[in-house]
Amino acid sequence: MQKKKNLIVFGTRPEAIKMAPLVHAFQKEKDFDTRVCITAQHREMLDQVLDFFNISADYDLDLMKPGQSLYSLTAAIITGMQSVLEEFKPDYVYVHGDTTTSSIAALAAFYSGAKVCHVEAGLRTHNKWSPFPEEMNRQLTGRLTDLHFAPTERAKENLLKENTPTNKIFVTGNTVVDALQHSVETVTKSLSEKAQEIEEWLEGRELLLVTGHRRENHGDGFDRICEALQQIAKNNPEIAIVYPVHLNPNVQKPVNKFLKDISNIKLLEPLAYQDFIWLMHRSKLIITDSGGVQEEAPSLGKPVLVMRDTTERPEAVEAGTVILVGTNTEKIISETEDLLHNSERYNKMSELHNPYGDGKAAQRIVEIIKKH
Ligand code: UD1
Ligand code: UDP
């Protein structure tokens, strides 16, 4: 019997983390010829993840350019995918979530005639501009998709409201939990060199972990976020803030300008996934605009302040682990300080929850594909 051909496509750090469990699950299946195509929309931040999960790409479009625009990236992905699809002729193409790589690779896969499989399908804010451009990337990908792997019942409901056929939607959980479970035990058992270096700098202080990169926050939003962090550091000299800074120049510039020389703030290069998980585990509180971090934190019992006005991940808000604070300086400061000092509220928010999955999502996807 001829093997079914899978092409798993991703391009950025979070896609790689969340697709790694699926790559591993399919690589064990003898009846499938599974190949990995990276657009390398990210470069260093993607390669860190590939190293950790021991994944090598069969096709590497190597597209990242410093300060790339959405226009040039979109054009490069659609052109780059053509030769890969024409050479390999996959039966199934897997894309993840909401990046430019996901939506444009889905379009290319549709042109090729392959079945489009969307992992992390059905998340919605229904606000075209928030998150930008991710909300539209998800909606576009959804229109092109044949098999929708929704992480939660809520995501399935969103797809049903758009008249997606019910027999094409599968609630699998989010593979982010598979990746986290695969890694968390090993990384907390023994400290890496990087983790030791951070631990020494912390000198036993409580840790506030920060990340941020959203396009709609670039400019004024980041200025307000940095002002809030400056104030929090000043008002609370007993705590330490660690911020691994995303490589996007629109993030690097304001963060370095406002936060570089503050003694209880440590700015770092993006961390390898395993070191970042350790840091989440070590933290008291997380302030972020990241989608993936919002999903990981409830499984680690860490309260999260999300610097966004909307979220396509309401489950953790409902579970009580996540609060939306937008990019309002005063609100970020007051919510952070309340959680630092109000132990009753803090303890309530740090209860463990797993609204996004049970660590078996990738295997469920494999079993579903075997029947389609
Ligand atoms: C992208 C995704 C976003 C996702 C985020 C995860 C789009 C439009 N955006 O945003 O949905 O949440 O990744 O982090 O798909 N850079 C490097 N090295 C890297 C990565 C990025 O130098 O390894 C710099 C480059 O200057 C690059 C810039 O960051 O041009 C922007 O990268 P890009 O992928 O276009 O956007 P992100 O803001 O990373
Ligand atoms: N992450 C990482 N190193 C870091 C910061 C984050 O490996 O320095 C991981 C984090 O654990 C999560 C993912 O990267 O799985 C989130 O990526 P990002 O915030 O860039 O993108 P988003 O999830 O918002 O699309």
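As the structure is a prediction and not an experimental result, all values here were calculated from the model. Both ligands and their constituent atoms are indexed starting at 1 by order of listing.
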side-chain hydrogen bond (donor to acceptor under 3.5 Å, both in side chains) between T99 and T12, intermediate numbers included = CA-CA 8 Å; T99 68; T12 66; 4.9 Å; no
How far does OG1 of T327 sit from CZ of R224, to the nearest 0.5 angstrom?
-> 3.5 Å
Apply the test side-chain hydrogen bond (donor to acceptor under 3.5 Å, both in side chains) to residues Q41 and T101: give CA-CA distance (whole Å), side-chain angles for both, the deciding distance (0.1 Å), then the verdict.
-> CA-CA 7 Å; Q41 171 178 336; T101 289; 2.8 Å; yes
Does the N or O separation between T211 and ligand 2 drop below 3.5 Å for any pair?
-> no
Are any of the N or O atoms of R13 closer than 3.5 Å to those of ligand 2?
-> yes
Just jot down the ligand 2 atoms closer than 4.0 angstrom to any heavy atom of [X], in number order.
X    : answer
P270 : 8 (O)
G292 : 22 (P), 23 (O)
I17  : 9 (C), 13 (C), 14 (O), 15 (O)
S290 : 16 (C), 18 (P), 19 (O), 22 (P), 23 (O), 24 (O)
G291 : 22 (P), 23 (O), 24 (O)

Does any donor atom in the side chain of T311 or Q294 lie under 3.5 Å from an acceptor atom in the other side chain?
-> yes
Report the residue from N127, T125, T310 that forms a side chain to side chain donor-acceptor pair (under 3.5 Å) with E135.
-> T125
Looking only at heavy atoms, is any part of [X] under 4.0 Å from ligand 2, and if so is it the side chain, the backbone, or both, or is it neither?
X    : result
P244 : side chain
Y273 : both
E296 : side chain
H213 : side chain
L271 : both

For ligand 1, would you mind listing the residues that have at least one heavy atom less than 4.0 Å away, ordered by chain and number?
-> T12, P14, Q41, H42, R43, E44, M45, M64, K65, P66, G67, Q68, L70, T99, T100, P133, E134, H213, R214, R215, H246, L247, N248, P249
For this output row, return yes or no: ring centroids of H372 and F170 closer than 6.0 angstrom.
-> yes
Under 6.0 Å between ring centres, would you say that holds for F26 and Y94?
-> yes
Could you tell me if any non-hydrogen atom of R214 lies under 4.0 Å from any atom of ligand 2?
-> yes
In this structure, atom 1 (N) of ligand 2 is nearest to the protein heavy atom F276 CD2, 3.6 Å
What's the shortest distance from atom 25 (O) of ligand 2 to any protein heavy atom, and which residue and atom give it?
-> P14 CG, 3.4 Å
Please list, chain by chain and in numerical order, all residues satisfying side chain to side chain donor-acceptor pair (under 3.5 Å) with S72, sequence neighbours excluded.
-> S69
For F53 and H182, run ring pair (Phe, Tyr, Trp, His ring centres under 6.0 Å): C-alpha distance rounded to whole Å, both residues' side-chain angles, the deciding distance at 0.1 Å, then the answer.
-> CA-CA 10 Å; F53 285 100; H182 166 89; 5.6 Å; yes
Under-4.0 Å salt bridge between K18 and E120 = yes
Is the count of non-hydrogen atoms from other residues, nucleotides or ligands lying under 6.0 Å from E344 atom CD greater than 12?
-> no
Geometric cation-pi criterion K5 and F88, 6.0 Å radius, 45° cone | yes
Salt bridge (charged side-chain N to carboxylate O under 4.0 Å, His left out) partner of R345, chosen from E351, E337, E335 | E335
